[in-house]
Amino acid sequence: MEYFLQQLINGITLGSIYGLIAIGYTMVYGIIGMINFAHGDIFMVSSFIALIVITALGLTISTGLGLTILALILVLVTAMVIASVYGWTTERLAYRPLRGSFRLAPLITAIGISIVLQNYIQITQGARVKPLQPIIADGYTLMTRVDANGEFAVQISNMQILIIVVTIILMTIFSLIIAKTSLGRAQRACEQDRKMASLLGINVDRTISMTFVMGAALAAVAGLMFLLYYGVIDFFIGFVAGVKAFTAAVLGGIGSLPGAMLGGLVIGLIETLWSAYFSIEYKDVAAFSMLAIVLIFLPQGLLGKPEVEKV
Amino acid sequence: MSEQPLLEVKDVETFYGKIQALKGVTMEVNSGEIVTLIGANGAGKSTLMMTICGNPRAAAGQIIFDGQDITNLPTHEITRMNIALSPEGRRIFPRMTVYENLIMGATTSDPAYFDKDLAHAFELFPRLKERKDQRGGTLSGGEQQMLAIARALMARPRLLLLDEPSLGLAPLVVKQIFEAIKMLNEQDGLTVFLVEQNAYHALKLANRGYVMVNGTVTLSGTGKELLASEEVRAAYLEGGAH
Ligand SMILES: Nc1ncnc2c1ncn2[C@@H]1O[C@H](COP(=O)(O)OP(=O)(O)O)[C@@H](O)[C@H]1O
Ligand SMILES: [Mg+2]
């Protein structure tokens, strides 16, 4: 039981990171019906940006709490802004000119952009893994069990708390933007009927750009969290995390925001629990099998909307 | 009167790929009028409406609104000129509430007018007020049509384009919608350009009308003249569209 609780905490943490990335996939898909394969690499680039800024600031574990928080906010904002520029630029240069072209064109371009970003980081930052010494230490022991096998403590680290809290805050803000602001309404309108949205005065191109920007900003949050949590990054993390997050988006129902969050959690939990109870080698197989099973029995995903509408 | 028309369409040609849907259309709508365009299915009526809105764009000819050439204006700028469209098939945002659909209609309007315009729309179609928080996709066809017109009105148009508002609706609802159009024109002085297959009702309502066949205007005149015309009677009235 204690062991399970511990895995639950670990799974939710991992799931939060996947969920943040998954939102970018699902929103872009919702609005232009395209899988942005380069999205995972935006996440990867942001983790490098975060690493560079952290190193530049000289942030270490001995930095005081107040300063650490301030510095991390600065890192977060910088990573979000720069990632947004990347997101905006890829859309503007690589995808927009292909709008109205055949369906596979932007998809193939996205794979191309993904390769470009990976190579760009590989060349400028090196191909080897980059470590970061832990910045946030300590945590809380929630419960301890002592039995014949020794002692087992259920712990939640400050890092995990940070990841979960930041994810909850950002997802709340983000959901409010979608539900209540004119930008969010414009995004939903474009998702439901792009032509009608433009007839009502919505600048569709700008709305699509903003969607890429928002997705990239959230991926940047995930990038920073990933860096802080695992302490190592390389140019390839975007592929692995991207595929997982994409799986999460499909699992939750592509196009659905709550679906992306839920899908992220489910994938995070499956991966963690599988590694904990079965074998760590096959954790990805477990996550992807889950996807296959859900798609067979629930093709719309967990929270996808059925496309039945009155005309 | 030497006053210029509110909307002038001059020799407009529109293509879908290689298919020419409009073959040089010329017509005009004067301020304060209800003008109707009738014609068989596939004649190019909706294409004309959409071309006025810039999607698809006219390949040749000119569209002039209130003295300004709007032929090449991006579609999302057209509403800013105070032209609003209730399109064919209504195109309600199905997963937005009635209220949100109306907010979308007001995208280009000054927010200061929002409450007043909303009240006006609800006065015109009280059914929408009852269904304010219901999703657009769950409305009946008639309610969706009312919402499409109300949404267009939220843009504070000087010219309202209506594409087949009676399509697929029960006679009683059609009557209601046509009465609303008449009221908007008479009380608010709104200029209306109405596309209809329901020729009898449309011609009775309109000051003037045009008949479109195969992408060209073949006939024009006052509503009364067209109702009396042999050609129109034979093609669009006999066999009872009413
Ligand atoms: N999106 C489109 N792509 C290709 N052809 C179209 C498209 N829309 C309409 N058409 C063609 O253009 C012609 C005019 O259609 P339309 O303007 O819808 O006529 P109406 O509204 O009078 O029924 C028809 O021949 C139709 O098949
Ligand atoms: Mg039509």
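Numbers restart at 1 for each chain; the letters A, B, ... are given by sequence-line order, proteins then strands.
In this structure, B:Arg151 satisfies the cation-pi test against B:Phe93, with its NZ or CZ atom closer than 6.0 Å to the six-membered ring centre and inside 45 degrees of the ring normal. Stacking of A:Lys244 on the aromatic ring of A:Tyr18 is not recorded, the 6.0 Å distance cut-off and the 45° axial limit not both being met.
In this view, A:Ala260 and A:Ala22, A:Ile23, A:Thr26 satisfy the side-chain contact (heavy atoms from CB on, under 4.5 Å) rule, not counting sequence neighbours.
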Go through it in stages, so that I can follow the logic: the residues are B:Lys23 and B:Glu13, the test is salt bridge (Lys or Arg N to Asp or Glu O under 4.0 Å), and I'd like the CA-CA distance, side-chain angles, deciding distance and then a yes or no.
CA-CA 5 Å; B:Lys23 299 166 184 165; B:Glu13 297 179 28; over 6 Å; no
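Only one option out of A:Phe246, A:Phe37, A:Phe43 pairs with A:Tyr25 in a ring-ring contact (aromatic ring centres under 6.0 Å, His included); it is A:Phe246.
Counting heavy-atom neighbours within 6.0 Å of A:Phe239 CZ, excluding the residue itself, gives a total of 12 or less.
Minimum interatomic distance between A:Ser16 and A:Thr167 (heavy atoms only, all atoms of both residues): CB-OG1, 3.3 Å.
Note that OG of A:Ser256 is 5.0 Å distant from CG of A:Leu303, once rounded to the nearest 0.5 Å.
Identified by a heavy-atom distance below 4.5 Å to chain A, the contributing residues of residues 70-80 of chain B are B:Thr75, B:His76, B:Thr79, B:Arg80, in residue-number order. By a heavy-atom distance cut of under 4.5 Å, B:Met50, B:Cys53, B:Asn55 are the residues of residues 32-68 of chain B near chain A, going up by number.
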Per-pair distances, 0.1 Å, donor-acceptor, side chain in residues 114-124 of chain B, under 3.5 Å, sequence neighbours excluded:
from     : atom 1 : to       : atom 2 : distance (Å)
B:Asp117 : OD1    : B:Arg156 : NH1    : 2.7
B:Asp117 : OD2    : B:Arg156 : NH1    : 2.6
B:His120 : NE2    : B:Asp188 : OD2    : 2.9

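Proximity to chain A (any heavy atom under 4.5 Å) is shown, for B:Ile83, by neither the backbone nor the side chain.
A salt bridge links B:Arg95 with A:Glu191: the distance from a Lys NZ or Arg NE/NH1/NH2 to an Asp or Glu carboxylate oxygen falls below 4.0 Å.
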